[in-house]
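See below for the structure under consideration.
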Amino acid sequence: MDQQPEEARRPIDELENERREKREAIRALGLDPYGGRIEGLLSLQRAFESYDESVDQRMNEAGIKPGHEGDERPVVRVAGRVMLARDNGRLVWMNLRDATRESLQVAVSKRDCDEVGFQVAKKTDLGDIVVAEGPLTRTRTGEVTVWARSIRPASKALLPPPEKHAGLQNPEARYRRRYVDMWSNPRTTRTLLLRSRLVSGIRRLMEDRGFVEVETPMLQVQAGGAAARPFVTHMNALNIDLYLRIAPELYLKRLLVGGLPRVFELNRNFRNEGVDRRHNPEFTAIEVYEAFGDVHSMMELTEAIVRECARIANESEGREGFVRSFGDLEIDYDGPFERFSYGELFERAFGFSMEDEERVRAEGERRGVRTKDDRGEPLDVVWIVNELFEAHGEGLIDPARPTWVMRYPSALSPLTRPCADDPRFADRADLFIAGMEIGPHYTELNDPDVQAEKFREQLAGIDEEESTFRSFDEDFVRALKVGMPPAGGMGLGIDRLVMLMADEGSIRDVIAFPFMRPQSGR
């Protein structure tokens, strides 16, 4: 029954028809090939841990075989997908896999298994899901094994699995057929389980610090909260266009106005922009606001979140500490993160101050950076500075050291409070790890008049296309007039954080169902 080499060479239709015949043979035994409710199931890992070597050894010394009278070996009931099957005539060997364990061996003996179960084993194909029950023993080769006294079908797989050992390797196929990828590539399942643990750990940390999780609208009448292009949809009932939210910021701040002092939302955002190894059009982020906090309190909170994620990731692998590998990097998340000012990195990259407008414009032209708008008018120098900084200044950050970049030019952060000592700079800090921007952090702007002016400046600088979905948010300014306490705020990309902790180089590897271009003809 070790079918894989022959299956790999045969047409899919032929294989499917053969499996359908076996499905009917199982029905002829009086069984449902798609199973039903089963009580008392153990995960494969729990079953493996139930093996008692001392009892097994005592039974062997007494000459008592598994499942025979007097056998005291622990009996387990497990379910899993068949990843390997060998038919030796009167003995069928299977290796099962589930989300907790890549392999647990099951032995189906004609002598010790019930007759129906033995016939089921004979008709089992790779990829089938089966339920096995029996005592645990260790074979002569040293492998912990369920010595089955019954085997029952749980789901007949009509399509064969990917080629043995190779799994589903083509990235395009892996993402489109995640349901196959998960059981043919155990790393995929481990990554998705780690993601769940990390999200749960973040929620616990936030709640332990007194933050309240809230929900804000994903369908919005105005696109706001971040400078990004939204997805547009239409509400038939009111015959109006709506936008999938770019960020929950403006609604979360309204909750501060309403009196909730510490709020966070951990949910999806949508941006109608590029798709690549680090960007997905829908992504998960945590956004946080704390009354009477500032950028520094938010930075401390994020360091605690990242450090806790590193601890959880190590714990899931049976290790301690806060050091995680990412590609060739060894990143230590313990201790304070590095800190640099935006201007300091710019000057280090170019050898002159970002306030030297003449040299900035000359450097922009030399490096092919856009310095004029569509009408041929000179662009505000701050946008040239930022283009240069993103292309060359960020590259000076050590990818193996979690690093804060602080004090951005105010024009780049219109919703951020200016620094008290110099209003040309915003009280903002961005976290960079392994060459990725993980999230911005702010001291929030709460002066309604300044906020209104910032909105006007922002709208004045956009092109005609963007003006179709951006507008002055009068209600938010009205909320600020009611009074929002001084606050710190931050947004942290969960997908990129999971990439770091799971050592995955593509955002698609940490999202269960990443966005994929529709296949032709579909």
Side-chain angles (χ1 to χ4, degrees), residues 3-4 7-8 12 15-16 19 33-35 38 41-48 78-85 94-106 124-132 153-201 268 275 277 280 282-284 309 312-313 315-318 494-519 522:
Q3 313 115 320
Q4 196 89 49
E7 286 198 347
I12 292 295
L15 294 172
E16 183 174 337
R19 285 168 176 252
Y34 295 102
I38 299 288
L41 283 174
L42 293 182
S43 71
L44 296 186
Q45 182 62 34
R46 286 284 304 278
F48 178 83
V78 297
R81 196 177 289 273
V82 179
M83 304 305 297
L84 181 67
M94 300 178 184
N95 280 19
L96 304 188
R97 175 181 292 172
D98 70 3
T100 67
R101 189 171 179 82
E102 293 182 25
S103 180
L104 182 64
Q105 183 167 270
V106 175
T124 295
D125 291 300
L126 299 185
D128 288 1
I129 302 174
V130 300
V131 177
S155 186
K156 183 67 182 175
L158 297 182
L159 295 178
E163 186 179 350
K164 187 170 65 178
H165 305 308
L168 198 64
Q169 296 297 327
N170 180 276
E172 183 86 1
R174 287 183 54 222
Y175 303 138
R176 290 190 187 280
R177 299 171 60 200
R178 186 67 96 187
Y179 45 87
V180 177
D181 179 38
M182 289 177 65
W183 59 267
S184 63
N185 292 315
R187 175 170 177 163
T188 297
T189 300
R190 288 197 298 270
T191 295
L192 296 179
L193 287 174
L194 176 60
R195 180 189 180 108
S196 179
R197 293 189 189 104
L198 295 177
V199 169
S200 294
R268 293 286 200 180
V275 179
R277 292 175 63 83
N280 198 61
E282 56 174 322
F283 63 95
T284 303
C309 286
I312 290 171
E315 182 181 66
S316 71
E317 299 171 357
I494 297 298
D495 304 309
R496 291 186 180 182
L497 185 57
V498 177
M499 288 172 63
L500 289 167
M501 298 304 158
D503 190 13
E504 297 286 5
S506 171
I507 196 170
R508 292 182 173 187
D509 289 320
V510 302
I511 298 174
F513 300 102
F515 176 79
M516 302 294 294
R517 184 188 300 274
Q519 292 178 298
R522 295 293 297 275

Would T124 and V130 satisfy side-chain contact (heavy atoms from CB on, under 4.5 Å), going step by step from the backbone distance to the final call? CA-CA 8 Å; T124 295; V130 300; 4.2 Å; yes

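- Here the straight-line distance linking atom CZ of F515 with atom CZ of F283 works out to 15.0 Å at 0.5 Å rounding.
- Other residues, nucleotides and ligands place no more than 12 heavy atoms under 6.0 Å from the CZ atom of F48.
- Counting heavy atoms from C-beta outward, M501 and L198 have side chains that approach closer than 4.5 Å.
- Contact annotation: the side chain of R195 approaches that of I511 to within less than 4.5 Å [non-hydrogen atoms, C-beta and beyond].
- The number of heavy-atom neighbours closer than 6.0 Å to CZ of R277, taken from other residues, nucleotides and ligands shown, is 12 or below.
- Expressed to the nearest 0.5 Å, how far CE of M94 lies from CG of L126 amounts to 10.0 Å.
- L96 has its side chain within reach of L44: a pair of non-hydrogen atoms, C-beta onward, lies under 4.5 Å apart.
- Side-chain contact between V131 and V78 is absent, with no heavy-atom pair separated by less than 4.5 Å.
- Looking at heavy atoms from C-beta onward, D495 lies out of side-chain contact with M499 at the 4.5 angstrom threshold.
- The salt bridge (charged side-chain N to carboxylate O under 4.0 Å, His left out) analysis of residues 96-105, with sequence neighbours excluded, yields the pairs E102-R190.
- For residues 503-514, the pairs satisfying salt bridge (charged side-chain N to carboxylate O under 4.0 Å, His left out) are R174-D509, R187-E504, with sequence neighbours left out.
- With respect to R176 and D181, no salt bridge is recorded, no charged nitrogen being found less than 4.0 Å from a carboxylate O.
- Between M182 and L192 there is a side-chain heavy-atom pair separated by less than 4.5 Å.
- Using a 4.5 Å cut-off on side-chain heavy atoms (C-beta onward), L159 and E16 make contact.
- The OG atom of S103 sits 7.5 Å away from the CG atom of L84 when rounded to the nearest 0.5 Å.
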Please assess S155 against D128 for the test side-chain contact (heavy atoms from CB on, under 4.5 Å), listing each intermediate value before the final yes or no. CA-CA 6 Å; S155 186; D128 288 1; over 6 Å; no

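- Contact check for N95 versus V82: no side-chain heavy atoms found under the 4.5 Å cut-off.
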